[in-house]
K.L.:
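For reference, the structure I am asking about is given below.
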Amino acid sequence: MTAYDAIVLAGGAAERLGGADKPGVRVGGRALLDRVLSACADASTTVVVGGRRPTARAVTWTYEVPRGGGPLAALDAGVRLTTAEWVLVLSADLPFLEADTVGALLAAAEDGRREGALCVDQDGRDQPLVAVYGAEPLRRELALIATEHGGLSGLPLRLLTHELDLARVEGDPLASFDCDTWKDIASARARIREHGVVLDEWITAVKDELGIELDVDTDVLLDLARDAAHGVARPAAPLTTFLVGYAAAKASQDRNGAGDGDGAVEAVAEAARKAAALARRWADENETQ
């Protein structure tokens, strides 16, 4: 993937949320800000413009000048701390943003040698806070706008986007879904619990909570839990998957010292295979009695 820095705008008064701390509101057990940070985890530098708070990964903090000066002032504060050729700009209230959308924006901006690329929502509206901008054009236009208007405070984003040659990307319909109201928050929370996505959301939330960076085949573990529950007893399912995780961690460290991601994935698969075979042998014995 193209190297890039990220700026996440996490300020604002959140008036439509009654002044609540919007970046800290949880959807699927994770703060909105942390969900956005996970989508841009590949950024070389991530700058968050807004109040400092605990986050799932390390970031650089800054404030717009003046405080509450709006998105252009926040962008100006953020871009001063970036060095990459491309800058990803996001709001902090995007619960469904994924790394795939970030990749699509970078590809669209770079392939056409445009000055950037932004998401277009289902209604065809530009989303300038789900966008990639060339750092040099971004700095240039911010400086020109500040000179023309005597500053950046309180000015709308369209003053920036109208002056840049931007590609439009129609990505995931939910990528630019933002949470401006409590109704939006409730909708996001309900959607995450829909069948078909709830397990992925839960696994991601658990990994973030535990500080784990590991991709495993969840189907393998679910099959193991089923075999243990049916072949032994229902309480055996969680106990067995726990023991598989413990054995995998130990095996990975034994092989690689401190362990590594690839080794851990292989260790989980091997431990799950052994435990599943044992559960099937256990079940076979019961059937022959």
Side-chain angles (χ1 to χ4, degrees), residues 1-12 23 33 36-37 39-52 55 57-94 97 99 101-120 125-169 171 175-176 178:
M1 182 181 288
T2 302
Y4 70 98
D5 290 338
I7 301 172
V8 181
L9 306 192
L33 176 57
V36 172
L37 291 177
C40 58
D42 290 333
S44 301
T45 297
T46 300
V47 181
V48 178
V49 186
R52 296 173 67 92
T55 52
R57 66 178 181 85
V59 299
T60 300
W61 297 93
T62 191
Y63 277 105
E64 70 272 31
V65 178
R67 299 278 184 95
L72 288 184
L75 269 179
D76 185 60
V79 77
R80 293 172 185 271
L81 300 176
T82 65
T83 58
E85 179 183 0
W86 297 103
V87 179
L88 173 70
V89 175
L90 303 169
S91 61
D93 60 350
L94 302 165
L97 182 68
T101 298
V102 173
L105 288 168
L106 288 165
E110 191 170 46
D111 287 350
R113 299 310 302 173
R114 311 288 284 273
E115 292 181 315
L118 50 72
C119 264
V120 177
R125 294 173 298 194
D126 288 349
Q127 300 296 317
L129 295 183
V130 189
V132 167
Y133 300 98
E136 188 280 326
L138 179 59
R139 292 188 179 97
R140 179 194 71 216
E141 291 305 324
L142 287 172
L144 289 172
I145 294 169
T147 298
E148 180 178 352
H149 293 270
L152 297 172
S153 181
L155 298 178
L157 277 167
R158 65 176 179 272
L159 294 178
L160 172 69
T161 55
H162 285 178
E163 298 300 327
L164 294 172
D165 177 22
L166 302 172
R168 266 66 182 176
V169 175
S176 59
D178 56 0

K.L.:
Rounded to the nearest 0.5 Å, what separates atom OG1 in Thr2 from atom CG in Leu106?
P.N.:
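So the gap between those two atoms works out to 5.5 Å.
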K.L.:
Look at the side chain of Asp5 and the backbone N and O of Thr83, then say whether any donor-acceptor pair between them is shorter than 3.5 Å.
P.N.:
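Yes; at least one donor-acceptor contact below 3.5 Å.
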K.L.:
Are Leu160 and Leu72 side-chain neighbours, meaning at least one heavy-atom pair lies under 4.5 Å?
P.N.:
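Yes. Closest side-chain heavy atoms under 4.5 Å.
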K.L.:
Could you tell me if the side chain of Glu64 sits less than 4.5 Å from the side chain of Asp76, heavy atoms only?
P.N.:
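Counting from C-beta outward, Asp76 and Glu64 never come under 4.5 Å.
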K.L.:
Any chance CZ of Arg52 has more than 12 other-residue heavy atoms, nucleotides or ligands included, within less than 6.0 Å?
P.N.:
no
K.L.:
Any donor and acceptor pair, going by atom type alone, linking the side chain of Thr101 with main-chain N or O of Leu97 inside 3.5 Å?
P.N.:
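Such a contact is absent between Thr101 side chain and Leu97 backbone.
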K.L.:
Taking side chain as C-beta onward, heavy atoms only, is Tyr4 less than 4.5 Å from Val102?
P.N.:
yes
K.L.:
Where is the tightest heavy-atom contact between Ile7 and Val79, given as atom of each residue plus distance?
P.N.:
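Distance-wise, the nearest heavy atoms are CD1-N, 3.4 Å.
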K.L.:
Between Leu157 and Leu75, is the side-chain contact (heavy atoms from CB on, under 4.5 Å) condition met? List the steps.
P.N.:
CA-CA 10 Å; Leu157 277 167; Leu75 269 179; 4.0 Å; yes
K.L.:
Evaluate the side-chain contact (heavy atoms from CB on, under 4.5 Å) criterion for residues Arg125 and Val120: first the C-alpha distance (whole Å), next the side-chain angles of each, then the deciding distance (0.1 Å), finally the verdict.
P.N.:
CA-CA 5 Å; Arg125 294 173 298 194; Val120 177; 5.9 Å; no
K.L.:
To the nearest 0.5 Å, what is the distance between CG (Leu90) and SG (Cys119)?
P.N.:
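That separation rounds to 9.0 Å.
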K.L.:
With no hydrogens and no angle check, do the side chains of Arg67 and Ser153 hold a donor and an acceptor under 3.5 Å apart?
P.N.:
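Their side chains do not contain a donor-acceptor pair, so the 3.5 Å distance test is not met.
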K.L.:
Taking all non-hydrogen atoms of both residues into account, name the closest pair between Tyr63 and Ala77 and its distance.
P.N.:
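Between these two residues, the closest heavy atoms are O-CB, 3.3 Å.
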K.L.:
For Ser91 and Asp93, work out which heavy atoms get closest and say how close.
P.N.:
OG-OD1, 2.7 Å
K.L.:
Nearest 0.5 Å, please: how far is OG1 in Thr82 from OH in Tyr133?
P.N.:
13.5 Å
K.L.:
Is any side-chain heavy atom of Val87 closer than 4.5 Å to a side-chain heavy atom of Val132?
P.N.:
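Side-chain contact under 4.5 Å: no.
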K.L.:
What are the two closest heavy atoms between Ala10 and Pro23, and how far apart are they?
P.N.:
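Smallest heavy-atom distance, with atoms named: O-CG, 3.5 Å.
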K.L.:
Give the minimum heavy-atom separation between Pro128 and Leu118, together with the two atoms involved.
P.N.:
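In terms of heavy atoms, the two residues are closest at CA-CD2, 4.3 Å.
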K.L.:
Are any non-hydrogen side-chain atoms of Trp61 and Thr55 less than 4.5 angstrom apart?
P.N.:
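In short, these two side chains touch, coming nearer than 4.5 Å.
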K.L.:
Take Leu144 and Glu141, measure what side-chain contact (heavy atoms from CB on, under 4.5 Å) needs, and give me the verdict at the end.
P.N.:
CA-CA 5 Å; Leu144 289 172; Glu141 291 305 324; 4.0 Å; yes
K.L.:
Show the numbers, then the answer: is there a side-chain hydrogen bond (donor to acceptor under 3.5 Å, both in side chains) between Arg80 and Thr62?
P.N.:
CA-CA 10 Å; Arg80 293 172 185 271; Thr62 191; over 6 Å; no
K.L.:
Working note: Arg158 + Glu163, criterion salt bridge (charged side-chain N to carboxylate O under 4.0 Å, His left out); need CA distance, chi angles, decisive distance, verdict.
P.N.:
CA-CA 8 Å; Arg158 65 176 179 272; Glu163 298 300 327; over 6 Å; no
K.L.:
Does a side-chain heavy-atom distance below 4.5 Å link Leu166 with Arg114?
P.N.:
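Leu166 does not reach Arg114 side chain to side chain.
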K.L.:
To the nearest 0.5 angstrom, please state how far the CG atom of Leu94 sits from the SG atom of Cys40.
P.N.:
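Result: 10.0 Å between the selected atoms.
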K.L.:
Apply the test side-chain contact (heavy atoms from CB on, under 4.5 Å) to residues Thr60 and Thr46: give CA-CA distance (whole Å), side-chain angles for both, the deciding distance (0.1 Å), then the verdict.
P.N.:
CA-CA 6 Å; Thr60 300; Thr46 300; over 6 Å; no
K.L.:
Of the non-hydrogen atoms in Leu37 and Arg57, which two are nearest, and what is the gap between them?
P.N.:
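The pair with the smallest heavy-atom distance is O-NE, 3.0 Å.
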